[in-house]
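One structure below.
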Amino acid sequence: MRSLQSRYIIVFFGALLMVVVWNLHRASVHQLQLQEEYLHTKAVAERLQALKEGWSSTSQERANLQRTIKKVLNNSEGVDVIQNGGRLNVSATRIDAKSVERLLNKVLNQGVEITQLHLERINDTSASLKLEIAL
Amino acid sequence: MTFKSVPITCYFIDTDMPDMDISTPIDVVLSPAFYWIKHVKLPVKTLREARRLVPALFEESLTQGNYSYYVERYEDEYLAFAYDEHAILQALQAKGIESTMVRRTYFAQHVFANAKTPFKINETFVLSVQNGIVLRLPSHLIDEAQPLQIPNDLGRLPSIKLSSLARFGDTKRLRVVMALIATIIVLYGIEWGLVFKQNIQIERATASLFEAYDLKPTMLQNRAMLDTLEKLYATQTHIRLGIDAALNLPLTGNEKLTMLDLKTGVLKVKVQPVTSKRMPVMTNHFKKSGVKVQSKQEGKGLLLEVML
């Protein structure tokens with residue numbers, strides 16, 4: 001009888017060991033998945049943050065940009081600066097080459113989305129301009 | 001492929017027998033010296049009920065040991081067997097027979113129950129059937145005995161399986177093994193607990209990322225947003241490279257940049273006048289800037305199209 005009990009105890013312990021080992025295995029596999037998920041989420045979050053910071057501007061920055069554009073176009077003819085929702089439309093019938101260069105430098109180096117640009121030469125020193133940027 | 005059945009040799013095993021050298025699987029017939037037998041009448045109807053009562057039948061008659069039991073119907077009554085697997089395995093091992101080599105184990109009771117004459121085990125003992133029970137008796141009690149001969153066909157007779165687990169009949173050894181397994185279980189259990197705890201920490205850390213980076217509730221939304229921004233970034237970078245390349249074109253003589261036009265998906269750059277020799281220079285300038293461009297001749301001018 002004791003021998004029989006011993007067998008049951010061994011079988012019980014063996015089964016218990018298998019359950020624990022199996023659960024440990026499952027937990028380890030789950031941990032790998034969680035680690036992978038964490039690293040992936042972190043990478044997405046960091047990339048998103050970097051892109052958001054690069055391609056969004058505060059209201060202060062938007063106002064500064066608008067002010068700078070108006071200042072650059074001060075000596076130009078037929079100037080029109082209209083903010084329509086999240087878009088800024090800038091046009092000038094005649095703008096000198098130096099102002100074009102300054103304006104483009106400012107806009108190209110700012111984290112704004114350029115949606116439209118039309119620049120057409122009038123003569124050696126001036127051109128017409130149409131610019132649309134998303135703020 | 002053909003399969004041949006290998007004949008299994010059967011040995012009679014007694015406590016008083018010479019050592020053997022066994023290298024192939026064998027069947028063994030246990031001498032009555034290895035088991036106790038009782039012919040009893042039990043107030044039960046089924047073998048299952050009888051099995052429960054058997055240990056009690058032997059309670060007072062057995063020496064100390066770890067016993068296993070076997071019971072079978074015998075006419076209207078029962079035959080009950082008690083045997084110590086551990087002791088049998090030890091005896092087999094002492095005679096040079098490993099337990100792994102033993103395939104089937106028979107009781108002499110089943111093999112010799114119908115024997116008409118006594119069989120000689122050795123010089124001092126014989127097997128004799130008395131009232132249907134096979135006994136091991138001193139040879140001086142029996143006048144004539146034939147040499148021991150095991151019948152050929154034992155296949156249908158009841159047999160017992162000597163479990164290798166019976167080796168653990170030694171309680172001390174068993175306790176050591178149990179303690180070892182229990183220790184392993186505890187260690188694995190602790191490891192499991194730690195991994196479980198770490199998993200919870202990782203899940204919390206992942207959740208905190210959503211708060212810290214102000215992410216959308218699902219990763220599907222976040223990935224979609226990331227894709228949109230990546231595309232925007234790539235397009236805008238391309239636009240800037242294209243405009244930069246256009247503004248820095250290596251113009252010579254009368255060549256003038258006359259138009260720069262950006263609309264959805266395309267940046268057009270017009271240069272006038274351009275000779276056919278100068279056209280590849282313009283195109284190469286864009287390519288060197290990392291911008292793919294298509295060129296078309298328009299009148300005396302050149303129209304360069306940068307696909308965004």
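Lettering of chains follows the sequences in order, A, B, ..., and the numbering in each one begins at 1. These numbers come from a predicted model, not from an experiment.
Counting heavy-atom pairs under 4.5 Å between each of B/Lys263, B/Lys256, B/Glu203, B/Arg240 and chain A puts B/Arg240 at the top. Ranked by heavy-atom pairs under 4.5 Å with chain B, the list A/Leu119, A/Leu117, A/Val112, A/Val100 is led by A/Leu117. Contact count versus chain B (heavy atoms, under 4.5 Å) is highest, among A/Ile122, A/Asp124, A/Leu131, for A/Asp124. Interface remark: of the candidates B/Glu230, B/Glu191, B/Met259, B/Glu230 forms the most heavy-atom pairs closer than 4.5 Å to chain A. Of the listed residues (B/Ile239, B/Ile184, B/Leu232), the one with the most heavy-atom contacts under 4.5 Å to chain A is B/Leu232. By number of non-hydrogen pairs under 4.5 angstrom with chain B, the leading residue of A/Glu37, A/His40, A/Gln33, A/Lys130 is A/His40. Contact count versus chain B (heavy atoms, under 4.5 Å) is highest, among A/Asn109, A/Val44, A/Asn23, A/Val20, for A/Asn23.
Judged by the 6.0 Å distance and 45° axis criteria, A/Arg47 is positioned over the aromatic ring of B/Tyr233. Geometrically, B/Lys292 does not engage B/Phe286 in a cation-pi contact, judged by NZ or CZ lying under 6.0 Å from the ring centre and within 45° of the ring axis.
Using a 30° and 60° split on the angle between ring planes, B/Tyr70 and B/Phe107 fall in the tilted class, from 30° to 60°.
Residue contact with chain B, scored on non-hydrogen atoms closer than 4.5 Å, involves the backbone and the side chain of A/Glu113 alike. With a 4.5 Å cut-off on non-hydrogen atoms, A/Glu46 touches chain B through its backbone and its side chain both. Neither the backbone nor the side chain of A/Ser128 comes within less than 4.5 Å of any heavy atom of chain B. For chain A, the nearby parts of B/Met225 are the backbone and the side chain; heavy atoms of each come within less than 4.5 Å. Residue B/Ala182 touches chain A through both its backbone and its side chain, counting heavy-atom pairs closer than 4.5 Å. Only the side chain of A/Leu104 comes within contact range of chain B, with heavy atoms under 4.5 Å apart. With a 4.5 Å cut-off on non-hydrogen atoms, A/Glu101 does not touch chain B at all. Looking at A/Val19, neither its backbone nor its side chain comes within 4.5 Å of chain B, counting heavy atoms on both sides. Contacts of B/Leu257 with chain A are made by backbone atoms alone, with heavy-atom separations under 4.5 Å and no side-chain atom involved.
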For residues 293-303 of chain B, run the donor-acceptor check on the side chains, cut-off 3.5 Å, and write out each pair with its distance to 0.1 Å, sequence neighbours left out.
unit_1: B/Glu298; atom_1: OE1; unit_2: B/Lys270; atom_2: NZ; d: 3.4

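In plain terms, the two heavy atoms of B/Tyr35 and B/Leu30 that are nearest each other are CE2-O, 3.5 Å. Of all heavy-atom pairs spanning B/Glu255 and B/Pro273, the tightest one is CG-O, 3.1 Å.
For the residue pair A/Gln31 / A/Ser28, no side-chain donor-acceptor distance below 3.5 Å is found, with atom types taken as modelled.
Within the 3.5 Å criterion, the main-chain N or O of A/Ile114 finds a donor-acceptor partner in the side chain of B/Gln236.
Take B/Asn248 and apply the side-chain hydrogen bond (donor to acceptor under 3.5 Å, both in side chains) test, not counting sequence neighbours, and it matches B/Asp244.
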With side chain to side chain contact (heavy atoms under 4.5 Å, CB included) as the criterion, how do A/Val21 and B/Ile185 come out once you've worked through the C-alpha distance, each side chain's angles and the decisive distance to 0.1 Å? CA-CA 8 Å; A/Val21 170; B/Ile185 289 172; over 6 Å; no
